[in-house]
Amino acid sequence: RGESFGFEKLDYYTGGVKEDEIIIIAGDTGIGKTAFVRQLAYNLLSKDTRVCWISLEMPPLRVLEQFVENHLRASYHINGVLQHSEETYR
């Protein structure tokens with residue numbers, strides 16, 4: 001068995017992610033691919049599993065920004081420097 005994806009049913013059917021495995025997620029527009037993959041990658045990164053994310057829809061800085069938001073559960077903006085949004089405290 002491989003490392004858990006963090007999704008019980010997915011782990012059950014796939015046996016988890018194995019070392020040196022490449023996973024490609026594809027589907028129609030608007031079905032939640034990005035949100036799913038972001039959570040999946042976050043789960044794996046939380047366990048020190050290496051992840052390579054290649055997005056054809058978002059620039060790398062936006063992907064990083066979403067990971068920061070996911071981790072901190074707050075709104076952050078990255079413009080060369082990490083800046084905290086005042087809206088987080090409202």
Once rounded to the nearest 0.5 Å, what's the spacing between atom [atom1] of [X] and atom [atom2] of [Y]?
X   : Y   : atom1 : atom2 : result
R38 : K33 : CZ    : NZ    : 12.5 Å
F5  : L40 : CZ    : CG    : 5.5 Å
E57 : T34 : CD    : OG1   : 5.0 Å

Point to revise | Qualifying ring pair (Phe, Tyr, Trp, His ring centres under 6.0 Å) pairs, either residue in residues 45-70, two or more places apart | key: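 Matches after skipping sequence neighbours: W53-F67.
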Check your understanding: Who pairs with S4 by side chain to side chain contact (heavy atoms under 4.5 Å, CB included), at least two apart in sequence or on another chain?
Key ->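 S4: side chain to side chain contact (heavy atoms under 4.5 Å, CB included) contacts with D11, K47.
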Got a list of side-chain donor-acceptor pairs under 3.5 Å for residues 18-30, not counting sequence neighbours?
from	atom 1	to	atom 2	distance (Å)
K18	NZ	T14	O	2.4
K18	NZ	G16	O	3.1
E21	OE1	K18	N	3.0

Practice item. Could you tell me whether I54 atom CD1 has more than 12 heavy atoms of other residues or ligands within 6.0 Å of it? Key: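 No, because the 6.0 Å sphere around CD1 of I54 holds 12 heavy atoms or fewer from other groups.
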Point to revise | Side chains of F7 and N43 in contact at under 4.5 Å (non-hydrogen atoms) | key: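 Contact flag for F7/N43 side chains = yes.
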Review point. Taking C-beta and beyond as the side chain, do L45 and R50 meet within less than 4.5 Å on heavy atoms?
Key: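 The answer is no, as the side chains (C-beta and beyond) never meet within the 4.5 Å cut-off.
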Exercise for review: Please name all residues satisfying side-chain hydrogen bond (donor to acceptor under 3.5 Å, both in side chains) with E3, sequence neighbours left out, ordered by chain then number.
Suggested key: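 Per chain and number, E3 pairs via side-chain hydrogen bond (donor to acceptor under 3.5 Å, both in side chains) with no residue.
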Check your understanding: Would R62 and E69 satisfy salt bridge (charged side-chain N to carboxylate O under 4.0 Å, His left out), going step by step from the backbone distance to the final call?
Key -> CA-CA 10 Å; R62 182 62 190 134; E69 289 173 0; 3.7 Å; yes
Review point. In the hydrophobic clustering that connects Ile, Leu, Val, Met, Phe, Trp and Tyr at side-chain heavy-atom distances below 4.5 Å, which members other than Y13 occupy its cluster, ordered by chain and number?
Key: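 Y12, all in the cluster of Y13.
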**Study point:** Residues clustered with L56, ILVMFWY side-chain links under 4.5 angstrom
**Key:**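 The other cluster members (ILVMFWY side chains, heavy atoms under 4.5 Å, direct or chained): none.
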